[in-house]
Amino acid sequence: MKFIIEHMEKHFEKKEVLRDIDFVFEEGKIYGLLGRNGAGKTTLFNCINRDIKSDGGSFYLEEDGVKKEVKAEDIGYVLSTPTVPEFLTGREFLKFFLDINGDAVGEQKSLDEYFDFMSIAPEDRDKLMKDYSHGMKNKMQMLVNIVAKPKILLLDEPLTSLDVVVAEEMKQLLRTLKDGRITIFSTHIMDLALDLCDVIVLLAHGELEVVEKSNLDNGEFKEKIIAALREEDHV
């Protein structure tokens with residue numbers, strides 16, 4: 001399976017944020033979308049998720065050589081600031097999500113099995129989510145997106161504000177889940193992208209470019225990224 005973007009463009013008034021983007025993402029890999037804050041990472045995700053309309057171009061899935069439209073259920077989107085219904089408990093939210101997405105989820109596990117999978121402690125499962133920490137809300141957002149089994153998983157800076165233990169748990173989880181789906185992980189933190197991702201894609205000047213990791217040992221890799229990001233800062 002491949003996710004293919006062709007000639008995508010997006011501008012806001014005179015600012016060109018995405019510039020004629022062509023890219024092919026392949027299943028089974030975690031792509032690190034690396035760029036400065038404001039480089040257009042969230043804009044790209046919002047265009048893919050159809051939260052905003054692009055000004056040109058198209059995108060589609062290719063499975064066994066057949067082009068297919070990307071449907072809403074094909075995409076999971078984890079926001080940097082988790083959005084959950086805080087008037088529900090974690091258990092109520094998960095049950096509600098499973099009830100309305102049963103067809104997409106298929107054969108279901110018990111609620112506690114899902115909580116165990118996400119390392120959510122038993123004492124937290126029946127708390128109102130308004131009392132959850134940022135990391136706990138992030139886990140719930142991640143959980144429902146994983147349960148829905150999307151073909152494309154968009155992760156917009158999901159680990160930036162988490163404590164080191166939760167962030168490491170999430171990284172291990174993402175590594176175990178990458179097979180059979182396309183995972184695109186946006187971040188402005190280079191070391192995080194290097195640690196987690198199989199492919200590093202640099203977003204600078206509105207364009208995507210794969211940065212080879214083969215030169216990592218001699219420092220050329222980081223120097224190229226830093227140089228590109230410095231140029232972005234002065235545009």
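Position 1 is the first residue of the sequence; numbering continues from there.
- The aromatic ring centroids of F117 and F115 lie 6.0 Å or more from each other.
- Residues that satisfy the ring pair (Phe, Tyr, Trp, His ring centres under 6.0 Å) test with Y114, not counting sequence neighbours, are absent from this structure.
- Within the structure, salt bridge (charged side-chain N to carboxylate O under 4.0 Å, His left out) pairs that include any residue of residues 22-33 comprise E26-K29 (at least two apart or interchain).
- Across every non-hydrogen atom of K10 and I52, the tightest pair is CE-CD1, 4.2 Å.
- In this structure the side chain of H134 reaches within 4.5 angstrom of the side chain of P82, judged on heavy atoms.
- With a 4.5 Å cut-off between side-chain heavy atoms of Ile, Leu, Val, Met, Phe, Trp and Tyr, the cluster of Y60 takes in I4, V24.
- Using a 3.5 Å distance cut-off with no hydrogens or angles, the side chains of Y77 and N46 do pair a donor with an acceptor.
- Counting heavy atoms from C-beta outward, F25 and I184 have side chains that approach closer than 4.5 Å.
- Each salt bridge (charged side-chain N to carboxylate O under 4.0 Å, His left out) pair with one or both residues in residues 127-148, not counting sequence neighbours, appears once here: E86-K137, D124-K127, K139-E169.
- A side-chain donor from one of D156 and S186 sits under 3.5 Å from a side-chain acceptor of the other.
- Not counting sequence neighbours, the partners of S54 by the side chain to side chain contact (heavy atoms under 4.5 Å, CB included) test are M8, C47.
- With respect to the salt-bridge test (charged N to carboxylate O, under 4.0 angstrom), the residues E168 and K171 qualify.
- For F93, there are no ring pair (Phe, Tyr, Trp, His ring centres under 6.0 Å) partners, not counting sequence neighbours.
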